[in-house]
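The shown structure was predicted, so the numbers you read here are calculated from the model rather than taken from an experiment.
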Amino acid sequence: MNMRIQESMSMYEKLNILTDAAKYDVACTSSGTARKGDGTGMGNCERSGICHSFSADGRCISLLKILFTNECIYDCKYCINRRSNDVVRTSFTPDEICALTMEFYRRNYIEGLFLSSGILRSPDYTMELIYAALYKLRTECSFQGYIHVKAIPGANQELVRKTGFLADRMSVNLELPTAEGLKLLAPNKTRKNILAPMRLVQNRMAENKQELALYRNAPRFVPAGQSTQMIIGATPETDYQIIQVAESLYQKFELKRVFYSAFVHVNEDKALPARTDEGPPLLREHRLYQADWLLRYYHFQASELLSEENPNFNVVFDPKCNWALKNLGQFPVEINRADYKMLLRVPGLGYKSAVRIVKARRLGVLDFPDLKKMGVVLKRAMYFITCSGKMLYPTRLEEDYITRNLLDTRERLPEEVRNMGYRQLSLFDDVRFKEDGLSLGARAGGVV
């Protein structure tokens with residue numbers, strides 16, 4: 001294989017450039033897989049997940065998040081690495097990817113690898129390099145930790161398939177919510193090329209489940225599933241259109257996650273929205289994640305949350321609370337009789353507290369003090385529930401009345417979310433390198 005090697009740059013310089021170039025790719029998530037080390041190799045991937053995120057047991061876990069290359073043959077108008085931008089270009093080699101991953105892992109700075117890439121020469125050439133890096137990492141380095149890799153749209157399907165047997169999670173970026181937006185801002189990419197590897201991964205995962213049922217030791221194909229990412233705010237789609245697309249992806253491609261990335265103004269182009277002082281639409285991104293959670297875990301449908309007449313989310317209330325205020329005819333809910341799905345629709349009740357309620361009421365009648373002990377947020381739920389036919393306080397079931405009272409308790413987006421910075425922590429904020437080799441003096445940061 002011919003490889004493009006940057007002789008003029010040290011590994012430190014490449015790492016500095018290619019970690020910074022990866023910061024706009026937000027498709028990182030807990031792995032949800034159970035790849036176990038066998039005691040002969042390096043690394044271990046627990047079910048709670050390996051990435052810089054919060055795992056199921058509350059741990060903050062980290063991964064090395066880099067691009068293979070920031071060179072790209074495409075000219076997407078929103079991308080800092082687009083072909084027409086005058087930025088310093090560099091690429092890793094498969095050997096360098098392996099060396100970095102193993103050295104960071106040995107020092108306990110990371111628990112896995114997130115590897116994405118620009119398009120170097122062609123989709124096939126780039127995918128072949130990524131496959132070579134993962135193959136060396138798994139076989140020669142015996143790395144058995146978590147790997148999340150990006151599939152390159154347009155690459156040979158056999159390359160994507162072979163890479164899937166080496167990765168725990170694979171993702172293909174949808175880029176923009178609609179084909180029209182893609183044509184406007186990423187004319188070199190097509191929805192067909194993006195969906196093709198998604199379908200390949202989905203079908204191969206289904207086949208792999210059957211293989212594993214027959215042969216316990218069969219190789220596992222993308223055991224943690226696949227995900228995708230959409231850029232929000234670069235094109236004029238409404239929130240309703242966006243969550244309809246997400247709902248369709250979950251239903252048709254069985255994705256684990258859809259990620260929403262607030263548009264960051266890094267290029268000047270007449271096709272992009274005008275630059276404003278408000279910065280990236282982080283509140284909108286936050287609302288979409290809340291709605292996405294409702295689609296995946298709370299049995300909501302996109303058409304229940306928004307409509308063509310009301311196409312965007314409320315900036316004051318989260319989507320679940322806003323739905324409840326618009327559907328007061330379904331409330332109050334009697335805690336001791338309502339089914340699980342209806343409990344999930346009550347503001348202030350999460351799926352864990354709903355499960356606790358269903359279990360606890362088998363043993364006796366529940367009252368408000370019991371709900372508080374179970375984690376129910378009564379300052380929100382009190383307007384929508386009864387216990388044995390009684391409300392916590394005398395309350396009018398009117399939208400204006402409840403809205404005013406919720407606002408009085410400051411039920412707004414937390415200050416830390418509104419002021420959240422949109423950046424990736426640099427690996428070099430608290431890490432020291434020596435030019436004659438890797439010498440890491442403090443714990444490395446990851447992805448915020």
Residue pair [X] / [Y], side-chain heavy-atom distance below 4.5 Å:
| X | Y | answer |
| --- | --- | --- |
| N314 | L325 | no |
| N173 | F259 | no |
| K136 | I97 | no |
| R296 | D292 | yes |
| K150 | F114 | yes |
| V316 | T403 | no |
| V172 | P153 | yes |
| L306 | P311 | no |

For residues [X] and [Y], report the shortest heavy-atom separation together with the two atoms involved.
| X | Y | value |
| --- | --- | --- |
| V376 | A381 | CG1-CB, 3.8 Å |
| Y78 | V266 | O-CG2, 3.5 Å |
| M198 | L249 | SD-CD2, 4.3 Å |
| M127 | A155 | CB-CB, 3.7 Å |
| Q229 | S261 | NE2-CB, 3.1 Å |
| T126 | L120 | OG1-N, 2.8 Å |

Would you find a donor on one side and an acceptor on the other, under 3.5 Å apart, between the side chain of [X] and the backbone of [Y]?
| X | Y | result |
| --- | --- | --- |
| N312 | T238 | no |
| E247 | Q301 | no |
| R345 | H299 | yes |
| R356 | M374 | yes |
| S353 | G375 | no |
| Y298 | W293 | no |
| R287 | V315 | yes |
| R107 | E103 | yes |
| N267 | C79 | yes |
| R89 | N81 | yes |

Start with the C-alpha gap between Y125 and I73, add the side-chain angles, then the distance that decides, and say whether side-chain contact (heavy atoms from CB on, under 4.5 Å) holds.
CA-CA 12 Å; Y125 182 78; I73 62 174; over 6 Å; no
Quick one: salt bridge (Lys or Arg N to Asp or Glu O under 4.0 Å) partners of [X], sequence neighbours excluded?
| X | value |
| --- | --- |
| E180 | none |
| E268 | R275 |
| R284 | D239 |
| D75 | none |

Going from [atom1] on [X] to [atom2] on [Y], what distance comes out if it is rounded to the nearest 0.5 angstrom?
| X | Y | atom1 | atom2 | value |
| --- | --- | --- | --- | --- |
| F92 | D95 | CZ | CG | 12.5 Å |
| T90 | F68 | OG1 | CZ | 10.5 Å |
| I110 | L64 | CD1 | CG | 5.0 Å |
| M9 | S91 | CE | OG | 9.5 Å |
| L176 | F263 | CG | CZ | 9.5 Å |
| T163 | Y135 | OG1 | OH | 12.5 Å |

So, using side-chain contact (heavy atoms from CB on, under 4.5 Å) as the criterion, who are the partners of E237 when residues are at least two apart?
P177, T178, T235, Q241, I242
Listed by chain and number, what are the side-chain contact (heavy atoms from CB on, under 4.5 Å) partners of N327, not counting sequence neighbours?
W323, Q330
Would N16 and E13 count as a side-chain hydrogen bond (donor to acceptor under 3.5 Å, both in side chains) if you check the C-alpha gap in whole Å, the side-chain angles of each, and the deciding distance to 0.1 Å?
CA-CA 5 Å; N16 199 2; E13 290 170 323; over 6 Å; no
Step by step, would you call L18 with E96 a side-chain contact (heavy atoms from CB on, under 4.5 Å)?
CA-CA 12 Å; L18 294 174; E96 288 172 332; over 6 Å; no
Got a salt bridge between K162 and E158, using NZ or NE/NH1/NH2 to carboxylate O under 4.0 Å?
no
Note: R204-E211 ion pair, threshold 4.0 Å (strictly below):
yes
Given side-chain contact (heavy atoms from CB on, under 4.5 Å), test F165 with N208 step by step and report yes or no.
CA-CA 10 Å; F165 281 108; N208 189 235; 4.1 Å; yes
Is the positively charged end of [X] above the ring of [Y], judged by distance under 6.0 angstrom from the centroid and angle within 45° of the axis?
| X | Y | value |
| --- | --- | --- |
| R380 | F384 | no |
| R199 | F253 | yes |
| R161 | F221 | no |

L115 pairs by side-chain contact (heavy atoms from CB on, under 4.5 Å) with which of L137, I147, L134?
L134
Can you see whether E285 engages Y289 through a side-chain donor-acceptor pair at a distance of less than 3.5 angstrom?
no
Could you check F331 against I385 for side-chain contact (heavy atoms from CB on, under 4.5 Å), going step by step and ending with a plain yes or no?
CA-CA 7 Å; F331 298 99; I385 61 174; over 6 Å; no
